[in-house]
Amino acid sequence: MRRVRLACVVGARPNFMKIAPIHAVLRDHPRLEPYLVHTGQHYDEAMKDAFFRQLGIPEPDVDLEVGSGTHAWQTAQIMQRFEPVLDEVKPEAVLVVGDVNSTIACGLVAAKKQVPLIHVEAGLRSGDRTMPEEINRILTDQLSDLLFTTEKSAEANLRQEGIAPERIHFVGNVMIDALFAHLERATPAARTLARFGHDLPDDYGVLTLHRSANVDDPEMLDRLLAVLAEIGRRLPLVFPCHPRTAARIEAFGLQRRLREADVAVLPPLGYLEMLGLVKDARLVLTDSGGLQEETTALGVPCLTLRDNTERPVTVTEGTNTVVGRDPERIRACVADVLETGGKRGRIPALWDGKASERIVSIIDERFS
Ligand code: UD1
């Protein structure tokens with residue numbers, strides 16, 4: 001039987017839980033053969049290795065070890081280092097996930113070499129081109145031959161941008177495949193907190209913050225931390241802090257904001273620790289894309305600290321509310337969740353743990 005090799009690309013933390021379930025299905029496939037490329041965009045134990053281990057992703061076949069830098073530098077470095085890999089490995093297609101710099105960099109190399117490109121999590125749009133991820137999404141979709149979507153809105157976005165409908169497949173959400181596969185093994189919140197010297201409060205909220213728009217501007221970050229610290233006095237917050245955010249808090253001298261309040265600042269957590277923390281939280285305050293979806297799947301109220309979302313189904317059907325960055329509004333929305341229990345929501349169509357199987361079967365058909 002002819003073996004069909006697929007180069008599967010990961011680069012940053014939010015990619016790992018998306019590639020894990022796809023790679024697992026591909027590994028057992030009689031014909032399709034995954035070749036795992038890690039660009040090295042994220043490289044720390046906390047940002048990469050813990051995820052590979054916990055999600056059962058094997059060591060990558062190649063690590064491009066690109067590391068951190070400006071957007072242009074990072075994207076260019078990934079492109080330069082990925083090109084010879086494509087030449088040597090000669091895959092029949094390149095599969096990319098999500099919207100990080102590794103996604104567009106490898107997508108661009110594949111398209112220029114006329115290697116078919118597959119994009120998982122296609123068609124999401126925030127409508128906000130100041131977000132680097134939005135640029136990555138639009139361009140990757142334009143380059144892709146097969147586009148797999150997580151929600152109905154994505155197909156409408158893609159059609160509007162002139163993508164041929166026969167390239168688009170609504171398959172559900174691979175990140176939710178990973179979530180359902182690992183939920184039983186989630187690390188209890190009490191154990192995670194104890195590891196960092198904190199007791200588990202009766203009730204707590206989880207906070208994450210890393211978007212450039214929120215953390216790179218000293219005034220914005222100060223304003224957000226001030227209101228979050230105030231919320232912490234009503235509902236203790238657990239804050240696994242992204243390295244980028246930790247660096248900004250220190251550089252802007254804002255540590256005092258958190259010291260004064262009931263906010264447990266932790267280093268970045270592994271996948272199972274984060275899952276355990278979120279599943280039992282009273283609410284989640286975040287600017288992450290993935291957490292908006294994971295909270296919807298878990299039925300935990302989510303308040304998104306951004307002005308828009310590229311994942312509208314989490315608002316129309318799930319537990320998500322886009323609250324923006326206005327302290328007054330954030331305060332009011334938190335109070336509402338504490339009083340009413342927050343949005344209940346339902347799990348969106350095809351977020352059933354089987355998206356990866358659907359994806360692999362469509363790829364198999366396409367390349368047979
Ligand atoms: C990237 C993604 C973003 C995603 C986020 C999740 C893009 C454009 N953005 O943003 O969509 O939500 O990852 O984390 O690709 N760092 C470490 N250790 C690491 C990796 C990074 O300390 O393993 C630090 C570095 O100081 C670096 C900073 O974090 O400068 C930012 O990392 P980078 O990958 O450039 O972007 P993120 O902000 O993480």
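Order of appearance sets the numbers: ligands from 1, and atoms from 1 within every ligand. All values below come from the heavy atoms of this structure, side chains included, with hydrogens, waters and symmetry mates left out.
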Which protein non-hydrogen atom lies closest to [atom], naming both residue and atom, and how far is it?
| atom | value |
| --- | --- |
| atom 2 (C) of ligand 1 | V100 CG1, 3.7 Å |
| atom 35 (O) of ligand 1 | Q74 NE2, 3.9 Å |
| atom 34 (O) of ligand 1 | H42 NE2, 2.9 Å |
| atom 3 (C) of ligand 1 | E133 OE2, 3.2 Å |
| atom 25 (C) of ligand 1 | S68 OG, 3.3 Å |
| atom 24 (C) of ligand 1 | P243 CB, 3.9 Å |
| atom 38 (O) of ligand 1 | R244 NH1, 2.8 Å |

- [ ] Could you tell me whether atom 30 (O) of ligand 1 has a protein heavy atom closer than 4.0 Å?
- [x] yes
TODO: State whether the number of non-hydrogen atoms from other residues, nucleotides or ligands found under 6.0 Å of R129 atom CZ is greater than 12.
DONE: no
TODO: Step through the shown structure and confirm whether more than 12 heavy atoms of other residues, nucleotides or ligands are within 6.0 Å of CG on D87.
DONE: yes
Task: Spacing of CG belonging to L298 relative to CG belonging to L183, to within rounding of 0.5 Å - done: 6.0 Å
Task: Polar contact flag for N101 and ligand 1 (N/O pairs, less than 3.5 Å) - done: yes
Task: Close N or O approach (Y43, ligand 1; < 3.5 Å) - done: yes
TODO: State if K48 counts as touching ligand 1 under the rule of any non-hydrogen atom under 4.0 Å.
DONE: no
Task: Closest candidate by heavy atom, reference atom 7 (C) of ligand 1, pool R211, Q41, E134 - done: Q41
Look at [X] together with [Y] and state whether they make a salt bridge at an N to O cut-off of under 4.0 Å.
| X | Y | value |
| --- | --- | --- |
| R211 | E133 | yes |
| E92 | R5 | no |
| D141 | R125 | yes |

- [ ] For the residue pair F16 and F52, categorise the inter-ring angle as parallel (less than 30°), tilted (30 to 60°) or perpendicular (more than 60°).
- [x] perpendicular
Task: Parallel, tilted or perpendicular: ring planes of H242 versus H42, cut at 30 and 60 degrees - done: perpendicular
TODO: Using a 4.0 Å heavy-atom cut-off, say whether P14 meets ligand 1 through its side chain, its backbone, both or neither.
DONE: side chain
Open item on the list: Quick check against the 3.5 Å criterion: does H182 have a side-chain atom that pairs as donor or acceptor with the backbone of A178?
Closed with: yes
